[in-house]
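This report refers to the structure that appears directly beneath it.
Just the heavy atoms: all of them, side chains too, but no hydrogens, waters or symmetry mates, feed the values below.
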Amino acid sequence: WAHEDDTKVPLLETLQAFNELLTAGTIKAFGASNYSVERIKEAHEIAKANNLKSFTAIQNEYNMVFRSDYEKSFGKEAISLGLDQFPYYSLASGFLSGKYSQGSSVTSVRSGGVAKYQTQAGYILVDAIKEIAIKHNSNASAVSLAWLRAKNCVPIASARTVDQLKEIIQEVRLSGDEVNVFNECPAWIDKSKGSPIKYFFTINIDNVFITAKKSKSILRGGDYYNLYLMALIIYYYILLIFYLLLYFITVFIYYVFIFF
């Protein structure tokens with residue numbers, strides 16, 4: 001693996017080095033980690049022009065709760081670029097294992113990296129994962145990894161204990177409807193640190209709940225979240241009307257003082 005994109009080193013030089021290892025029989029293939037889709041395309045073009053082999057796999061951060069960046073790039077082009085997908089942080093540093101709950105703390109070497117996922121949105125998603133896990137007589141970790149496999153990925157997951165290992169090696173096969181529920185669930189987190197306002201205004205809320213009904217899966221906390229969204233809509237409409245009224249009143253008073 002080329003684990004970081006070193007832009008100071010020409011891509012041609014990187015590809016030549018890997019191809020020498022291929023010729024020597026030291027490796028059978030090579031992949032890129034933390035590369036952008038643009039750089040992978042550039043590498044493919046350079047390889048083609050110089051009769052070289054190029055990257056055949058990508059290893060970037062991708063999981064059910066941190067996914068927007070990846071899905072906007074490799075999610076659409078990985079297959080067309082001939083890339084196998086090996087996402088790391090597939091359990092979001094343990095957050096998607098279900099062991100974290102609101103108002104409680106977890107003693108873990110990775111707990112510091114979980115903070116960015118611990119939002120209302122993140123916990124709603126974890127509740128949905130837990131419910132699907134119960135249906136499959138399994139656990140949240142296994143369901144989270146199953147979703148990635150359904151997205152044509154080979155997830156990278158690690159364990160510190162035997163119990164954690166037993167969780168991640170369980171095989172779960174999600175139905176098409178279950179995969180779609182998670183695909184459209186309005187609870188992922190991106191680099192905006194999971195701002196509920198951002199995902200509220202960037203997805204189709206109706207489709208989420210229609211999909212949930214079709215799958216006959218009642219997401220835990222779903223009714224509460226529906227009310228939460230409705231209250232949020234009303235709140236921002238009222239806020240918008242308030243500021244518009246304030247603006248027009250201010251303009252009116254301004255012109256009254258000027259002309260009278």
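Cluster annotation: F86 is not connected to I168 through the hydrophobic network of ILVMFWY side chains, with a link wherever side-chain heavy atoms come within less than 4.5 Å. Connection of Y35 to V154 is not established within any shared hydrophobic cluster, with ILVMFWY side chains joined at heavy-atom distances below 4.5 Å, either directly or through further cluster members. Residues L21 and F55 share a single hydrophobic cluster, defined by chaining ILVMFWY side chains whose heavy atoms lie under 4.5 Å apart. Taken together through direct or relayed side-chain contacts under 4.5 Å among Ile, Leu, Val, Met, Phe, Trp and Tyr, I156 and L83 form parts of separate hydrophobic clusters. If you chain together hydrophobic residues whose side chains sit under 4.5 Å apart, V114 and M64 fall into the same group.
Side chain of S73 to backbone of Y70: a donor-acceptor contact under 3.5 angstrom is found. Of the possible polar contacts, none joining the R39 side chain to the L11 backbone as a donor-acceptor pair under 3.5 Å is found. With hydrogens and angles ignored, the 3.5 Å screen pairs no side-chain donor or acceptor of E42 with any backbone N or O of E38. Looking at N63, its side chain never comes within 3.5 Å of a backbone N or O of L91 through a donor-acceptor pair. Of the possible donor and acceptor atoms, none in the side chain of S97 sits under 3.5 Å from a partner among the backbone N and O of S141. Under the 3.5 Å distance criterion, the side-chain polar atoms of K53 are left unmatched by any main-chain donor or acceptor of A29. For E77 (side chain) and F74 (main-chain N/O), no donor-acceptor pair under 3.5 Å exists by modelled atom type. No donor-acceptor pair under 3.5 Å is formed between the side chain of H136 and the backbone N or O of L174. No donor-acceptor pair under 3.5 Å is formed between the side chain of N60 and the backbone N or O of S33.
A 4.5 Å side-chain heavy-atom check between D127 and I124 finds every atom pair outside the cut-off. Side-chain atoms of S54 and L15, non-hydrogen and from C-beta on, do get closer than 4.5 Å to each other. Residues L81 and V37 have side chains in contact (heavy-atom distance under 4.5 Å, counting atoms from C-beta outward). A heavy-atom distance below 4.5 Å is not found between the side chains of Q85 and K151. With contacts defined as side-chain heavy-atom distances shorter than 4.5 Å, the pair L12/L52 qualifies. The shortest side-chain heavy-atom distance between P87 and L148 falls under the 4.5 Å cut-off. Contact check for F182 versus I132: side-chain heavy atoms found under the 4.5 Å cut-off. Using a 4.5 Å heavy-atom threshold, the side chains of Q16 and N50 count as separate.
Across every non-hydrogen atom of K72 and K76, the tightest pair is O-CD, 4.2 Å. The two residues G122 and V65 make their nearest non-hydrogen contact at CA-CG2, 4.4 Å. P155 and R149 get closest at one heavy-atom pair: CD-CG, 3.7 Å. Looking at every heavy atom in both residues, H3 comes nearest to Q59 through CE1-OE1, 3.9 Å.
The aromatic ring centres of Y88 and W1 sit 6.0 Å or more apart. For Y89 and Y62, the ring centers sit 6.0 Å or farther from each other. Within the 6.0 Å centre-distance limit, the rings of F95 and Y123 are counted as a close aromatic pair.
Rounding to the nearest 0.5 angstrom, the gap separating the CG atom in N183 from the CG atom in D177 is 11.0 Å. Rounding to the nearest 0.5 Å gives a distance of 8.5 Å between CD1 of I58 and OG of S36. One distance of note links CG of L246 with OG1 of T250; it measures 4.5 Å at 0.5 Å rounding. Taking NZ of K135 as the reference point, atom CD of E131 lies at 9.5 Å (rounded to 0.5 Å). Atom CD1 in I46 sits 11.5 Å away from atom CD in E13 (nearest 0.5 Å).
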Report task. Assess whether side-chain contact (heavy atoms from CB on, under 4.5 Å) is satisfied between D5 and N34, documenting all intermediate values. Result -> CA-CA 7 Å; D5 183 6; N34 297 311; over 6 Å; no

Requested in this report: Please report the C-alpha distance between K130 and V126 in whole Å, then the side-chain angles of each, then the deciding distance to 0.1 Å, and finally whether the side-chain contact (heavy atoms from CB on, under 4.5 Å) criterion is met.
Outcome: CA-CA 6 Å; K130 287 179 179 178; V126 170; 3.8 Å; yes

Query raised in the report: Hey, mind stepping through L96 and I129 against side-chain contact (heavy atoms from CB on, under 4.5 Å) and telling me if it holds?
Result: CA-CA 8 Å; L96 294 176; I129 293 171; 3.8 Å; yes

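Using bins of under 30°, 30° to 60° and over 60° for the plane-to-plane angle, the ring pair F30/F18 lands in the parallel bin.
The local environment of CD1 in I79 is sparse, with at most 12 non-hydrogen atoms from other residues, nucleotides or ligands closer than 6.0 Å.
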